[in-house]
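Scroll down for the structure; my scribbles are underneath it.
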2 protein chains.
Amino acid sequence: MYICLMYSSELIKGTLKTIVLTLLKEQGRMYGYELTQKVRDMTDGKIQITEGALYPTLHALEKSGDLETEKEFIGKRVRKYYKVTMQGSATVKERVNEFADFVKTMQFLLDIGPETGNAI
Amino acid sequence: MYICLMYSSELIKGTLKTIVLTLLKEQGRMYGYELTQKVRDMTDGKIQITEGALYPTLHALEKSGDLETEKEFIGKRVRKYYKVTMQGSATVKERVNEFADFVKTMQFLLDIGPETGNAI
DNA sequence: CAAATATACATAAGAAACTTATGTATTAAA
DNA sequence: TTTAATACATAAGTTTCTTATGTATATTTG
């Protein structure tokens with residue numbers, strides 16, 4: 001079985017919003033830094049979300065109405081918790097379904113099985 | 001089951017080279033325009049490779065040594081056939097394996113099954 | 001047979017989504 | 001007490017696409 005330490009940035013491109021929205025929906029609420037840690041831990045470091053990519057994305061998702069924030073003070077430090085709005089909840093479903101469909105199409109195109117991932 | 005007419009361009013981003021290399025390896029040799037048609041047909045139009053994206057990609061893959069070309073004249077019209085080099089053949093394997101691995105990680109992250117694609 | 005469409009290549013400007021670098025500030029660990 | 005971790009943010013640069021444009025031949029259709 002093939003194992004790689006870290007995916008090429010090309011591959012991850014376009015999936016950041018889907019990942020963030022899904023995790024926030026599952027976890028209830030999280031803050032930015034927490035998200036980077038969670039994704040790194042869940043993927044054994046294979047997906048590492050950089051802060052330079054994450055924060056602008058979170059801001060965009062808030063602006064589009066898919067996320068909303070609650071500020072909280074931990075000592076003197078501000079922490080911004082994000083959670084999925086009702087609109088965002090629908091967006092998550094769409095995005096996850098689209099991704100699942102896309103994977104099927106790609107598996108057909110690349111001639112790889114769904115479970116085994118057996119390459120040529 | 002979820003079906004969409006066309007994937008958002010975000011999702012497809014980063015998979016173009018993998019698709020092109022895989023099809024060329026399977027089919028032996030193809031020319032650019034043929035590739036766009038093949039992908040469109042195989043995916044029922046859900047993935048539509050634009051020529052503006054394809055030709056620069058083919059040129060890059062030739063430059064990197066993964067593809068080589070043969071020019072052929074169909075009447076007065078030039079047709080450039082591409083085929084995978086020995087180096088390219090290894091690249092295909094790597095890329096397909098990486099994609100398969102990536103899909104597994106994403107299915108875990110998004111909490112979707114491998115076959116059913118059952119969303120929340 | 002003329003006009004529209006399909007075939008077949010190519011490039012260039014602009015947009016989108018990242019990476020890398022930098023900045024600020026607090027808190028915990030060595 | 002200095003380093004690392006936590007926690008936010010933005011800005012410049014890169015990659016990779018979209019959209020637009022260009023050229024030319026071949027085929028279909030009205």
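For clarity, every value in this text was computed on a predicted model and none was experimentally measured. Note on naming: letters A, B, ... go to the chains in the order of the sequence lines (proteins, then strands), and numbering restarts at 1 for each one.
Atom CD of A:Glu51 is separated from atom C1' of D:dA11 by 15 Å (rounded to the nearest Å). Counting to the nearest Å, the C1' atom of D:dT25 and the OH atom of B:Tyr33 are 13 Å from each other. Going from atom CD of B:Glu10 over to atom P of C:dC18 covers 7 Å, rounded to whole Å. Atom pair A:Tyr82:OH and D:dA9:C1' shows a separation of 10 Å (rounding to whole Å applied). Between the CZ atom of A:Arg79 and the C1' atom of C:dT24 there is a distance of 18 Å, rounded to whole Å. B:Tyr55 places its OH atom 20 Å from the P atom of C:dA13, with the value rounded to the nearest Å. D:dA7 atom P lies 8 Å from atom CD of A:Gln37, rounded to whole Å. The nearest whole Å value for the distance from the CG atom in B:Leu35 to the P atom in C:dT7 is 14 Å.
Residue B:Lys76 places its side chain closer to D:dA26 than to any other of D:dT16, D:dT10, D:dA26. Of the candidates D:dC8, C:dT20, C:dA17, the closest approach to any side-chain atom of A:Lys80 belongs to D:dC8.
Contact annotation: B:Tyr31 reaches the phosphate of C:dA8 (side-chain N/O to OP1 or OP2, under 4.0 Å). Put simply, B:Ser9 has no side-chain N or O that comes within less than 4.0 Å of OP1 or OP2 on D:dC17. The side chain of B:His59 places no N or O atom within less than 4.0 Å of a non-bridging phosphate oxygen (OP1 or OP2) of C:dC9.
Taking the nucleotide of DNA chain C with the nearest heavy atom to each of A:Gln48 and A:Ile74, the more 5' of the two is matched to A:Gln48. With DNA chain D read from its 5' end, the first of the two nearest nucleotides for A:Val78 and B:Gly52 is the one closest to A:Val78.
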Might you work through the salt bridge (Lys or Arg N to Asp or Glu O under 4.0 Å) test for A:Lys38 and A:Glu26, ending with a clear yes or no? CA-CA 12 Å; A:Lys38 181 83 179 170; A:Glu26 283 171 358; over 6 Å; no
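Counting heavy atoms from C-beta on, the side chains of B:Leu58 and B:Lys80 never come closer than 4.5 Å. Side chains of A:Gln48 and A:Ile12 form no contact here, defined as non-hydrogen atoms less than 4.5 Å apart. The shortest side-chain heavy-atom distance between A:Phe102 and B:Lys46 does not fall under the 4.5 Å cut-off.
In this structure, A:Glu34 reaches neither bases nor backbone, as no heavy-atom distance under 4.0 Å exists between it and the strands shown. Using a 4.0 Å heavy-atom cutoff across all strands shown, A:Gly32 reaches sugar-phosphate atoms only and no base atom. Among the heavy atoms of the strands lying under 4.0 Å from B:Gly75 are primed sugar atoms or P, OP1, OP2 only; no base atom is included.
With hydrogens and angles left out, the side chain of A:Arg77 and the base of D:dT6 share a donor-acceptor pair within 3.5 Å.
In this model, a donor atom of one side chain and an acceptor atom of the other lie less than 3.5 Å apart for A:Thr105 and B:Tyr7.
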